[in-house]
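Working notes for the structure below.
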Amino acid sequence: MPLSLSPRLSGTLSLLALGTACGTTRSNLTPATASRLGVYRFVERIPSHPPLLLEGEFSVRGDSILFNAEPGPCRYDEQNSTGRLLTYICGGVSYMFDRSDPVERLSYQSTAIETVPARVCTRMDSRDVCVAWRTDFTEKTVTRSGRLRPKRVS
């Protein structure tokens with residue numbers, strides 16, 4: 001059954017190989033991965049300023065995963081992929097698939113610059129106690145990360 005994507009997710013699919021070798025005919029599936037065969041979708045609203053909406057769809061098929069997410073486009077991150085984790089970057093968001101259980105252990109990480117308020121003293125009294133304040137705004141780098149909760153769609 002082909003993977004059907006919503007219009008927002010109709011971009012290029014990325015292939016995540018879960019096997020240990022290309023072209024192998026024997027299955028390297030763990031029992032957890034084999035029980036998760038199917039198509040999954042996630043939609044997560046991450047609280048930030050501005051809010052981050054993560055949407056994606058993936059299909060666990062044998063020893064591979066077909067994956068697409070918004071914001072996109074997606075690319076495989078060789079540098080941060082390990083023997084256990086496969087990492088993709090889609091529009092500045094990193095998605096990490098655990099090879100042993102890609103559905104239950106799918107996570108994300110995103111770094112953004114947010115504008116935050118800071119109180120600044122504008123006038124001190126004779127005892128060096130601040131008696132007047134103003135609010136300035138500064139930029140701060142914030143990292144958001146967590147698990148995604150995909151739902152099976154077929």
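Just the heavy atoms: all of them, side chains too, but no hydrogens, waters or symmetry mates, feed the values below.
Ile89 and Ser94 get closest at one heavy-atom pair: CG1-OG, 3.8 Å. The two residues Ala69 and Cys74 have their closest heavy-atom pair at N-SG, 3.7 Å.
Sequence neighbours left out, the pairs with a member in residues 78-93 that pass salt bridge (Lys or Arg N to Asp or Glu O under 4.0 Å) are Arg84-Asp98. Applying the salt bridge (Lys or Arg N to Asp or Glu O under 4.0 Å) definition to pairs two or more places apart or across chains, those involving residues 145-154 are Glu44-Arg149.
Summarising the geometry, atom OG belonging to Ser154 is positioned 12.5 Å from atom CZ belonging to Arg41; distances are rounded to the nearest 0.5 Å. Here the CG-SG distance, from Asn68 to Cys90, works out to 7.0 Å after rounding to the nearest 0.5 Å. For the atom pair Leu85 CG and Leu106 CG, the distance stands at 10.5 Å (nearest 0.5 Å). Here Thr115 contributes atom OG1 and Asp136 contributes atom CG; the two are 12.0 Å apart, rounded to the nearest 0.5 Å.
Remark: the Arg119 side chain and the Thr135 side chain contain no N/O donor-acceptor pair separated by less than 3.5 Å.
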| request: Would you check, one step at a time, whether the test side chain to side chain contact (heavy atoms under 4.5 Å, CB included) holds for Thr138 with Val116? | output: CA-CA 6 Å; Thr138 60; Val116 294; 3.6 Å; yes
| request: Just do the side chain to side chain contact (heavy atoms under 4.5 Å, CB included) check on Arg105 and Arg99 with the steps written out, would you? | output: CA-CA 9 Å; Arg105 295 184 185 158; Arg99 289 177 189 261; over 6 Å; no
| task | Quick one: do Phe58 and Tyr95 satisfy ring-ring contact (aromatic ring centres under 6.0 Å, His included)? Show the steps, please. | result | CA-CA 12 Å; Phe58 63 97; Tyr95 293 92; 9.6 Å; no
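Residues Glu70 and Glu57 have side chains not in contact (no heavy-atom distance under 4.5 Å, counting atoms from C-beta outward). At least one side-chain heavy atom of Leu52 sits less than 4.5 Å from a side-chain heavy atom of Ser110. Residues Ile113 and Lys140 fail the side-chain proximity criterion, which asks for heavy atoms closer than 4.5 Å. Taking the side chain as every heavy atom from C-beta outward, Val153 and Tyr40 never approach each other to under 4.5 Å. Here the side chains of Leu86 and Met96 are not in contact, with every heavy-atom distance at 4.5 Å or above. Residues Leu54 and Tyr108 are in side-chain contact: their nearest non-hydrogen atoms beyond the backbone lie under 4.5 Å apart. For the pair Ser107/Phe97, no side-chain contact is recorded, criterion being any heavy-atom separation below 4.5 Å from C-beta on.
Under the 4.5 Å side-chain heavy-atom criterion for ILVMFWY residues, no single connected hydrophobic cluster contains both Val142 and Val93.
At distances below 3.5 Å, at least one donor-acceptor pair connects side-chain atoms of Asp125 with backbone N or O atoms of Val129. A donor-acceptor pair under 3.5 Å is absent between the side-chain atoms of Thr87 and the main chain of Asp77, judged by distance alone.
By the side chain to side chain donor-acceptor pair (under 3.5 Å) test, Ser81 is found to be paired with Tyr76, residues two or more places apart in sequence or in another chain being considered.
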